[in-house]
Amino acid sequence: MGTHEITIGPTRITLVQGDITTQTVDAIVNAANSALRGGGGVDGAIHRAGGPAIMAECRMIGGCPTGQAVRTTAGNLPAKHVIHAVGPIWQGGQRGEPALLASAYRSSLAVATAHWAKTVAFPSISAGAYGYPIDQAAEIAIQTVLAEAPGLGLAEARFVLFSAADLQTYAASLERVRGRPRGDAAGPAKTPG
Ligand code: AR6
């Protein structure tokens, strides 16, 4: 398991492998659907771990368009807020998916900082049930958050990747941004064996 990070202005951008529901940050981002009805993946895990208060608020809110985000309490989770972001369903890439995915990250950051969140954890939105290719999803996630988070004064934007393979994909995107590939302790960890 590796930890990878870059600091830009006031913001540390970090990559970790893990479960987003256990993150001790001000806000965690959910990969939601536009009906805010819950489901599998990150969404299922957040509602299971957070308890029914989150769904009760989702029902009051009613829904959220693709590319946008809304805020609820985090119930029993260690975070203070859940930001429900709706990423696009992958349809081949010619249906506005990149712009909608970038918008989901931008909206999440705007909603989080409007609630004074200084530390925000993201899953790889759209890269599971919604079928977005992980390498392209990683590139958009990293570039969008790097472009937006420092100007918002965020202290930490943390990407929480479920699998070692996804972590490596995000690490490769971060290295491209950093512009100086390296193989030391701060770089991508080699899988043992
Ligand atoms: N922590 C961090 N990452 C996770 C976790 C977790 N606990 N569980 C899964 N992932 P997905 P989407 C990764 O399907 O593609 C739901 O049914 C997963 O490996 O959660 O945006 C919603 O209700 C993948 O890389 O979200 C929607 O209907 C990434 O999180 C729909 O799926 C996103 O996978 C949204 O699909």
Residues that P150 engages under side chain to side chain contact (heavy atoms under 4.5 Å, CB included), provided they are two or more places apart | I8, P10, T11
Residue set satisfying side chain to side chain contact (heavy atoms under 4.5 Å, CB included) with T169, at least two apart, ordered chain then number -> I134, D135, A138
Same hydrophobic cluster for [X] and [Y], using side-chain heavy-atom links shorter than 4.5 Å among ILVMFWY?
X	Y	answer
V111	V145	yes
L101	V86	no
I46	V25	yes
I142	Y105	yes
F122	I13	yes

Considering all heavy atoms, the nearest [X]-[Y] contact:
X	Y	value
I28	A79	CG2-CB, 4.0 Å
I125	A31	CA-CB, 4.4 Å
L167	Q17	CD2-CB, 4.0 Å
P78	T21	CD-O, 3.5 Å

Taking [X] for the side chain and [Y] for the main chain, is one N or O donor matched with an acceptor at less than 3.5 Å?
X	Y	answer
E148	T144	no
Y170	A141	no
S103	A99	no

Just to verify, what does [X] make a side-chain hydrogen bond (donor to acceptor under 3.5 Å, both in side chains) with, not counting sequence neighbours?
X	result
Q136	none
Y132	none
Q143	E139
T72	H84

Are any of the side-chain heavy atoms of [X] and [Y] separated by less than 4.5 Å?
X	Y	value
L154	V120	yes
T119	Q23	no
V42	V29	no

Selection residues 18-31 - residue pairs positive for salt bridge (Lys or Arg N to Asp or Glu O under 4.0 Å), sequence neighbours left out = D26-K80
Distance in Å, [X] [atom1] paired with [Y] [atom2], rounded so as to fall on 0.5 Å steps:
X	Y	atom1	atom2	value
I140	S124	CD1	OG	10.0 Å
K118	L152	NZ	CG	9.0 Å
L109	I83	CG	CD1	9.5 Å
R37	D43	CZ	CG	11.5 Å

Which residues share a salt bridge (Lys or Arg N to Asp or Glu O under 4.0 Å) with E156, sequence neighbours left out | R12, R158
I'd like a table of donor-acceptor pairs (distance under 3.5 Å, sequence neighbours excluded) in which one partner is a side-chain atom from residues 159-166, with atom names and distances.
unit_1 : atom_1 : unit_2 : atom_2 : d
S163   : OG     : D166   : N      : 3.0
S163   : OG     : D166   : OD1    : 3.4
S163   : OG     : D166   : OD2    : 3.4

Contact list for residues 10-33, test ring pair (Phe, Tyr, Trp, His ring centres under 6.0 Å), sequence neighbours left out = none
Sequence neighbours excluded - ring pair (Phe, Tyr, Trp, His ring centres under 6.0 Å) pairs with any residue from residues 40-63 = none
Could you give the side-chain donor-acceptor pairs of residues 53-71 under 3.5 Å, partners two or more places apart or in another chain?
unit_1 : atom_1 : unit_2 : atom_2 : d
E57    : OE2    : T73    : N      : 3.0
R71    : NE     : H81    : ND1    : 3.0
R71    : NH2    : H81    : ND1    : 3.0

